[in-house]
Protein chains: 2
Amino acid sequence: MSLDRATMDERVPRDFETLRATILDRRESLPKRIAQIAAYALDNPDDIAFGTAASIAASAGVQPSTLIRFAQQLGFDGFTSLQQVFRERLRERNSSYDERLQALRAKAEGGAGHRSIFDGFVAAASTSLNDISRTLDDAHLEDAISLLAKAETIYVLAKRRSYPVASYIAYALGKLKIRNQLIESAAGLNAEMIAFATPADAVIAISFSPYAPATIDEARSISEQGVPIVAITDSSFSPLAQFARVWFEVAEADFAGFRSLSATMALAMSLTVGVGEKRRSTGKKRKA
Amino acid sequence: MSLDRATMDERVPRDFETLRATILDRRESLPKRIAQIAAYALDNPDDIAFGTAASIAASAGVQPSTLIRFAQQLGFDGFTSLQQVFRERLRERNSSYDERLQALRAKAEGGAGHRSIFDGFVAAASTSLNDISRTLDDAHLEDAISLLAKAETIYVLAKRRSYPVASYIAYALGKLKIRNQLIESAAGLNAEMIAFATPADAVIAISFSPYAPATIDEARSISEQGVPIVAITDSSFSPLAQFARVWFEVAEADFAGFRSLSATMALAMSLTVGVGEKRRSTGKKRKA
DNA sequence: TATGGATTGGAATTATTATTTCATATTCCC
DNA sequence: GGGAATATGAAATAATAATTCCAATCCATA
């Protein structure tokens, strides 16, 4: 019988996620006690990895034999091979956050081949996310979102290395049906574009050291027109900070001379989606 | 004898860090084979956690009895209780990384205010980086870099949500003095631009579901001209995959409907910098 | 409500694995 | 260089754990 079943689905789950999916999939059709141990297994995977058949069975409130039948139903030939999957999961889930980063950095520095470059960029991105998650000031976030939510048009200003962030902001704002204008330099008409901005609008400006002179100039002239600016930059001495109504200091780690954009992207998206949410809730209130 | 020793230092290491320190401390004074297993234990803690005394001893090149003596020297009463410490470490360390992300996600879902949006984006980015770090195939990376390094001009093709990545690639390639062409649609001259590409060039194409039709069309026509394509996409069923000489599957987590770009960015930067390095080393060889 | 099949509990059996023991080798000190 | 103390290897033994088996129970169906 269990032989028949094993022959029918030959593909035994080799990794935890597949196993999990299989269990969830069959959940309905499992006998009571088997279902009981199945639920226990998904809730306490560590216990399965480390325990003995007897101890696990006891914790789950079933007999050891039931545990083995459970394994066999899934196509394993016994508890031991089921347990392997749970152990593999623990092995692969690389280490704690810090250990993982250290390992990545070590590989990035010592390692040969191009994998080490990749590890370096992943480490840089993780570090940046970690840092911004610790240092971001909630009040600044709220202020910036309020300011932007009131704007008629949001201008997005960034050059060079910061430009990808600006283009994603513009894309997202567009998706959310929020009027926006990306200040691009293709036709050299930036000055004219900027001239349209009024104090009822707002600007998101992004610039990191070495600050692109064009960004700074444009930020200056737009702020002189009384348009409020939200700045994302990398230091309190940044020239952008002085023009800005609200500004964020984002420390992006770099690797091989190129800075990660992960933290900036996360912040940029939060501002964008935050504005979207705020507009929607304010809209509702107005109607009410 | 071992009793004496056990009496002398009553405090048996209960956690991994203490144990590690103890081993490092005594390293000098340990007999040869014991030192051998000690080194193995610190280098392969996962093996100690999951292996059997016999299998571990074999991997470390000692007898099982030596392993037990090692445990006893440290004050444990046998291999089994030593193993507990290594298992405990896996249990705890795992929870730390998971807890982090789960805490973030929990805050993102339950939390009030805009901070929760931000946490959501950070969690999505972290998850994506984590995933790609696990799944990226080194051989693909090498292949893609070789292919791109040989190209006369690298064309970069991406629209909409993937466009920010393309623009960062173009920026970085420019910085590295690698000839490249970003295929933009401003003037509607894409077809003409593409027509210049020859089999001596190469393309980096990026597209995620729902695939921008323009990207697919352009990828098709450029591949029909015999230009090799490196694709970054999100599934093996992606239409991009069929045109590509090398392709990467990147699973980006999303939040609030916007996908993180962190993993894609890290990969894109690795390709770019990898090509830069490869060119430089090949250039040197040529001179020599 | 009787009957067959599936499911379950619990003990018996088999296997695997840790530990002990003892003979042999090595090291260190006199 | 000789001898005690220490360390090591290998196999025997004890302990522990996985698996099997069979009787009891449950459940659906006629």
Side-chain angles (χ1 to χ4, degrees), chain A residues 1-8 12 23 26-41 44 46-88, chain B residues 1-8 12 23 26-41 44 46-88:
Chain A
M1 187 120 304
S2 64
L3 188 70
D4 285 352
R5 171 115 45 182
T7 338
M8 277 168 65
V12 178
I23 293 173
R26 298 202 195 155
R27 199 211 309 248
E28 298 305 319
S29 66
L30 291 174
K32 197 171 72 166
R33 296 259 108 118
I34 307 270
Q36 189 174 327
I37 190 74
Y40 182 86
N44 309 67
D46 288 10
D47 286 357
I48 307 282
F50 291 122
T52 69
S55 72
I56 295 164
S59 306
V62 301
Q63 290 290 324
S65 43
T66 305
L67 178 48
I68 284 157
R69 286 178 197 123
F70 167 59
Q72 288 171 341
Q73 287 233 0
L74 291 167
F76 297 95
D77 53 50
F79 164 68
T80 311
S81 34
L82 169 73
Q83 193 178 39
Q84 287 315 113
V85 175
F86 284 78
R87 293 188 163 181
E88 207 47 48
Chain B
M1 185 123 304
S2 66
L3 188 72
D4 285 351
R5 172 113 46 175
T7 337
M8 275 167 66
V12 178
I23 292 173
R26 296 200 197 156
R27 200 214 307 250
E28 297 305 320
S29 67
L30 290 175
K32 195 170 72 166
R33 297 260 107 119
I34 307 270
Q36 190 174 327
I37 190 73
Y40 183 85
N44 310 68
D46 289 9
D47 286 357
I48 307 283
F50 290 125
T52 68
S55 71
I56 295 165
S59 305
V62 301
Q63 291 290 324
S65 43
T66 306
L67 178 48
I68 283 158
R69 286 177 195 125
F70 167 61
Q72 288 170 341
Q73 286 231 359
L74 292 167
F76 297 96
D77 52 49
F79 164 68
T80 311
S81 35
L82 169 72
Q83 194 177 40
Q84 287 315 110
V85 175
F86 283 79
R87 294 189 162 180
E88 205 47 48

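Per chain, numbering begins at 1; letters A, B, ... match sequence-line order.
- For the atom pair CZ of B:Phe50 and CD of A:Glu88, the computed distance is 8.0 Å after rounding to the nearest 0.5 Å.
- Of the listed nucleotides (D:dA10, C:dA18, C:dG9), C:dG9 has the atom at the smallest distance from the side chain of A:Arg33.
- Close to D:dA18, at under 4.0 Å from its OP1 or OP2, lies no side-chain N or O of A:Gln72.
- In this structure, B:Ile48 places its CD1 atom 16 Å from P of C:dT17, rounding to the nearest Å.
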Tabulate below the donor-acceptor pairs under 3.5 Å that side-chain atoms of residues 57-66 of chain A make, not counting sequence neighbours, or state none.
from: A:Ser59; atom 1: OG; to: A:Ser55; atom 2: O; distance (Å): 3.0

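- With rounding to whole Å, B:Gln73 atom CD is found 12 Å from D:dT6 atom P.
- One atom, CZ of A:Arg69, and another, C1' of D:dT19, lie 11 Å apart when rounded to the nearest Å.
- Among the protein residues, B:Leu67 comes within range of no part of the nucleic acid, since none of its heavy atoms lies under 4.0 Å from any strand.
- Closest approach to the A:Thr52 side chain among D:dC21, C:dA18, D:dA17 is made by D:dA17 (side chain taken as heavy atoms from C-beta onward).
- Among the nucleotides C:dT19, D:dA17, C:dA18, the one closest to any side-chain atom of B:Pro64 is C:dT19.
- Side-chain atoms of B:Pro31 lie closest to D:dT8 of the nucleotides D:dT8, C:dG9, D:dT19.
- Comparing A:Leu30 and B:Gly51 along DNA chain C, the residue whose closest nucleotide (by nearest heavy atom) sits nearer the 5' end is A:Leu30.
- Each of D:dA18, D:dA10, D:dT8 was ranked by its minimum atom distance to the side chain of B:Ser65; first place goes to D:dA10.
- With C:dG10, D:dG9, D:dA18 as the choices, the nucleotide that has an atom nearest any side-chain atom of A:Gln63 turns out to be C:dG10.
- The nearest whole Å value for the distance from the CD atom in B:Gln36 to the C1' atom in D:dG9 is 13 Å.
- Residues A:Arg69 and A:Gln72 have side chains that never bring a donor and an acceptor to within less than 3.5 angstrom of each other.
- Listed for the A:Gln83 side chain is no donor-acceptor partner under 3.5 Å among the backbone atoms of A:Thr52.
- Interatomic distance, B:Ile56 CD1 to B:Ile37 CD1, rounded to the nearest 0.5 Å: 7.0 Å.
- Put simply, NZ on B:Lys32 is 15 Å from P on C:dA25, counting in whole angstrom units.
- Going from atom CD1 of B:Ile37 over to atom P of D:dG9 covers 11 Å, rounded to whole Å.
- Listed nucleotides: D:dA18, C:dA18, D:dG9. Nearest to the side chain of A:Phe79: D:dA18.
- We find that CD1 of A:Ile34 is positioned 17 Å from P of D:dC26, with the value rounded to whole Å.
- Between the CD1 atom of B:Ile68 and the P atom of D:dG9 there is a distance of 14 Å, given to the nearest Å.
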